[in-house]
Q: 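After the structure tokens below, expect a handful of questions from me.
All values below were derived from every heavy atom in this structure, side-chain atoms included, with hydrogens, water molecules and symmetry-related copies excluded. All of these numbers come straight from a predicted model, not from anything done at the bench.
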Amino acid sequence: MTLRANLRAAPATRTGTPLGVAVVDQMPLFREGLSVRVLRDPGMRLVGVSGRPDAGVLLRDRLAVDVLVLDAVLDPRGTLARRIIAANAGLTVVVLVREPYRTTQFLAVMRAAGVQGLVEHSSPPDRIMDAIRRSRAEGRYVDPSLTGLVSGGPGHSAGRPLSRREEEVLRLIADGLSNQGIADALVVSVETVRTHIKSLLRKLSARDRAHAVAVGFRLGLLAQPAAEVVIPVARRESGVTGSAVG
């Protein structure tokens, strides 16, 4: 049975009935392990499981999923979460934050997309299960280890962590220009370019220029090169698998 079929067949959630949970995660072992935990929890029912990001789009079919647990790797720009939440305001999305995405900017992007739950991907299973319950019940849950990043600091914005000029500098860095080349392109001094670079490195929590470019791609500040294709699953899958608890 496909995930689409499960979503259409599952009854709407009522007070006192188990939460319908769908797991979309890139790591086969992780998503299967979490699925087992959901199956064993009397307060939840497993609606569907997949390693493909496009499976989440099926939730727009008017569903009976209450909580979608989503791997951050599969939605680095928050585009998928935003589309799903916009299509069904009653759905709760919990994002599993991996280490490369533990940044103020990424978490701000997730919150701006409407994500209700943020928990570390490496958290103990009990904490992830608690995050699912609390995100649904309270409308907002942040893993204690992420609260400092969520609060952010001055100059951080959910929609635009960098200033317009800093984004221009970042794009020129990605194009391979030197500081002098960037200065010539923007008609500013090299010292001004250095100031912008120092600021954007701080805002992106980046170690150096190359790291800043990598973070820029992840946050959607830079367009992915056409030659790069992100394959969401480690192994090929013929379709979206799903399971239902009857």
Q: Using a 3.5 Å distance criterion without hydrogens, assess whether the side chain of Asp75 forms a donor-acceptor pair with backbone atoms of Ala81.
A: yes
Q: Pairing donors with acceptors under 3.5 angstrom, does anything connect the side chains of Ser135 and Gln116?
A: no
Q: Do Met44 and Leu39 belong to the same hydrophobic cluster, where Ile, Leu, Val, Met, Phe, Trp and Tyr are linked whenever their side-chain heavy atoms lie under 4.5 Å apart, directly or via other members?
A: yes
Q: Please determine if Arg133 and Glu138 form a salt bridge, counting it only when a charged side-chain N lies under 4.0 Å from a carboxylate O.
A: no
Q: With rounding to the nearest 0.5 angstrom, report the OG to CD1 distance, Ser122 to Ile128.
A: 8.0 Å
Q: Step by step, work out the side chain to side chain contact (heavy atoms under 4.5 Å, CB included) result for Thr103 and Leu149.
A: CA-CA 6 Å; Thr103 67; Leu149 293 173; 5.9 Å; no
Q: Can you check whether Phe30 and His121 have ring centres sitting under 6.0 Å from each other?
A: yes
Q: Indicate whether the side chain of Thr92 and that of Asp66 have a donor and an acceptor atom separated by less than 3.5 Å.
A: no
Q: For residues Asp71 and Gln26, report the shortest heavy-atom separation together with the two atoms involved.
A: OD2-N, 3.1 Å
Q: If every non-hydrogen atom of Leu204 is compared with every non-hydrogen atom of Ala212, which pair is closest and at what distance?
A: CD1-O, 3.8 Å
Q: Please table the atom pairs, donor to acceptor, closer than 3.5 Å between any side-chain atom in residues 193-201 and protein atoms at least two apart or in another chain.
A:
unit_1, atom_1, unit_2, atom_2, d
Arg194, NH1, Glu191, OE1, 3.3
Thr195, OG1, Glu191, O, 3.1
Ser199, OG, Glu166, OE2, 2.6

Q: How would you list all residue pairs meeting ring-ring contact (aromatic ring centres under 6.0 Å, His included) that involve residues 71-93, not counting sequence neighbours?
A: none
Q: I'd like to know if Arg164 pairs up with Glu167 as an ion pair, taking the criterion as any Lys NZ or Arg NE/NH1/NH2 lying under 4.0 Å from an Asp or Glu carboxylate oxygen.
A: no
Q: Is there a side chain to side chain contact (heavy atoms under 4.5 Å, CB included) between Thr104 and Leu107 once you walk through the steps?
A: CA-CA 5 Å; Thr104 298; Leu107 299 184; over 6 Å; no
Q: Carefully, step by step, assess Val21 and Arg45 under the rule side chain to side chain contact (heavy atoms under 4.5 Å, CB included).
A: CA-CA 6 Å; Val21 179; Arg45 53 191 169 84; over 6 Å; no
Q: Apply the test salt bridge (charged side-chain N to carboxylate O under 4.0 Å, His left out) to residues Glu120 and Arg102: give CA-CA distance (whole Å), side-chain angles for both, the deciding distance (0.1 Å), then the verdict.
A: CA-CA 8 Å; Glu120 288 203 80; Arg102 291 186 78 259; 2.9 Å; yes
Q: Would a single hydrophobic cluster contain both Met27 and Val36, if residues Ile, Leu, Val, Met, Phe, Trp and Tyr are joined by side-chain heavy-atom contacts under 4.5 Å?
A: no
